[in-house]
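Because only heavy atoms are used, hydrogens play no part in the values below, and waters and symmetry mates are left out as well, while side chains stay in.
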Amino acid sequence: MRWLKENWLDLFIFLLIALVAAGIVLYLTGINPFSRPASQAVALSPAPSPSAAPTPPPSPTPPSTPAEPVVTVIPLPKAPEAPATPQATPKATQGREEGAKPAPSPAPTPTASGAYRVVVGAFANPENALRLERELKAKGYLARLEAAGNLTRVVVGPYATEGEAARVARALASYGAQVYRGQGAAPPEGQVYLQVGAFQKEENALALAGKLKEVGLPVVLVKNGVYRVRVGPVAEGEKEAVKAKVEALGLTALEVQ
C-alpha cells in the first residue's frame, strides 16, 4: 500500500495510456465493444401478429414521362370535282323551246387578221388612255392604243366578224363602246405624225409625253407591242418647225403615217 501511495500518479498515467492505446487498436480494427449482438436484436423485435395480413410490397412507380402536346389535325379540303354534264331530257328541251335563256357564252377571242375593232374611249391626255387600257386588260380584254387626230384612242380587238365585235361592244356599253372597221385612224389629208420615241416601259413613254406637252406639242400614244410617242398630227407647212422644236429638246422626230 505504501508503494501505491507513493506511485499512484505513475499508475494513473500508465492506465490512461493503456486505455488510449486500446481505443486506437479497436478503432483501427473496427471492433465496437458496445454494439448489441444481432441475435439479441432479433429477439427483442416484436413478433408479427398471426392475424395481421402481410403488407404487399409497394409497386414501383413508373418513371414520369413528359406530357405530349395536343395536336389538332385539320383535314385538307378536297379538290372540287368537275360536275358531270347532264344529258338533255325532254323536259329540258321543252324549256329551251319555250324561251329559256341559254348560259352566256364567253367573249370572242381577238384575231390578228380581224378587220373589226371596238373603240372604248379617246383622250387628249395620254395618261388617261393608259389608265383605261390597264382597266380593260385587268378584265381580260386585249386593249391597245391608237392615234385618232390629236387624241389617244383605246381600242379592243381586232375581231374577225362584225358580230363578234358587236358582242364586245354590248359588254362594254357602259364605256360608250362602238364598233368600227379598219386598221386605225390615218392622219387627216395633208398632215403627218412625228414619232419621237418608242419604249417597252409605260413610265418611260409617259415621261417623254409629259416633256413634249410642257413645250406645247400635241402628243398621242400608239401601242402595238411597244409604246410609241408621237407628236401631231402636223400640217406639211408646220412640219419643219415642229421638228426643230423637238430637236431643241435633244430628241429626234421621224415622220410616220
Side-chain angles (χ1 to χ4, degrees), residues 104-235 238 242 246 253-257:
S105 58
T109 304
T111 59
S113 59
Y116 294 92
R117 291 168 172 80
V118 179
V119 179
V120 187
F123 304 89
N125 186 353
E127 188 172 356
N128 295 333
L130 286 172
R131 187 178 298 112
L132 178 57
E133 181 207 21
R134 289 194 298 268
E135 183 178 343
L136 292 173
K137 283 187 174 181
K139 293 181 178 180
Y141 293 96
L142 181 60
R144 51 185 290 178
L145 303 179
E146 294 179 349
N150 60 350
L151 301 178
T152 299
R153 185 163 64 184
V154 184
V155 177
V156 175
Y159 298 97
T161 64
E162 185 177 3
E164 292 176 344
R167 286 174 55 191
V168 175
R170 286 193 296 269
L172 299 174
S174 59
Y175 295 90
Q178 296 180 354
V179 178
Y180 81 97
R181 182 176 183 178
Q183 297 296 326
E189 186 177 355
Q191 296 182 341
V192 295
Y193 288 106
L194 300 176
Q195 183 165 302
V196 184
F199 304 93
Q200 291 286 347
K201 294 185 178 180
E202 175 186 309
E203 56 268 23
N204 296 336
L206 284 177
L208 178 57
K211 188 176 182 179
L212 295 171
K213 289 178 71 69
E214 286 178 359
V215 297
L217 295 174
V219 181
V220 295
L221 286 182
V222 176
K223 183 188 177 186
N224 190 3
V226 295
Y227 294 94
R228 307 178 192 273
V229 183
R230 295 177 179 177
V231 174
V234 180
E238 301 176 354
V242 173
V246 172
L254 300 177
E255 183 177 337
V256 294
Q257 295 297 327

Item to check | From CA spacing to verdict: side-chain contact (heavy atoms from CB on, under 4.5 Å), V120, Y141 | outcome: CA-CA 11 Å; V120 187; Y141 293 96; over 6 Å; no
So [Y] and [X], do their side chains get closer than 4.5 Å, heavy atoms only?
X: V242; Y: L194; answer: yes
X: R117; Y: V179; answer: no
X: P233; Y: V192; answer: no
X: L132; Y: Y175; answer: yes

Checklist entry - Where do A129 and F123 come nearest, in terms of heavy atoms and distance? => result CA-CD1, 3.6 Å
Checklist entry - Looking only at heavy atoms, what is the nearest atom pair of Y116 and A165, with distance? => result CB-CB, 3.8 Å
Item to check | Over 12 foreign heavy atoms within 6.0 Å of CD, E162 | outcome: no
Show me the side-chain donor-acceptor pairs of residues 206-229 shorter than 3.5 Å, one per line, residues at least two apart or across chains.
from : atom 1 : to   : atom 2 : distance (Å)
K223 : NZ     : E133 : OE2    : 3.0
K223 : NZ     : Y227 : OH     : 3.2

Checklist entry - Under the 3.5 angstrom rule, does the side chain of Y193 hit a backbone N or O of G149 as a donor-acceptor pair? => result yes
Checklist entry - Cationic tip of R153 within the cone over Y180's six-membered ring, i.e. under 6.0 Å and within 45° of the normal? => result yes
Item to check | Pairwise distance CG(L151) to CG(L145) - rounded to 0.5 angstrom | outcome: 12.5 Å
Checklist outcome for this item: Interatomic distance, CZ@R144 vs CG@L136, rounded to 0.5 Å, equals 13.5 Å
Checklist entry - Going through the checks in order, is the side-chain contact (heavy atoms from CB on, under 4.5 Å) test met by V119 and V154? => result CA-CA 6 Å; V119 179; V154 184; over 6 Å; no
Next on the checklist: Quick one, R134 with K137, criterion side-chain contact (heavy atoms from CB on, under 4.5 Å). Give me CA distance, side-chain angles, the key distance, then yes/no.
Outcome noted: CA-CA 5 Å; R134 289 194 298 268; K137 283 187 174 181; 5.7 Å; no
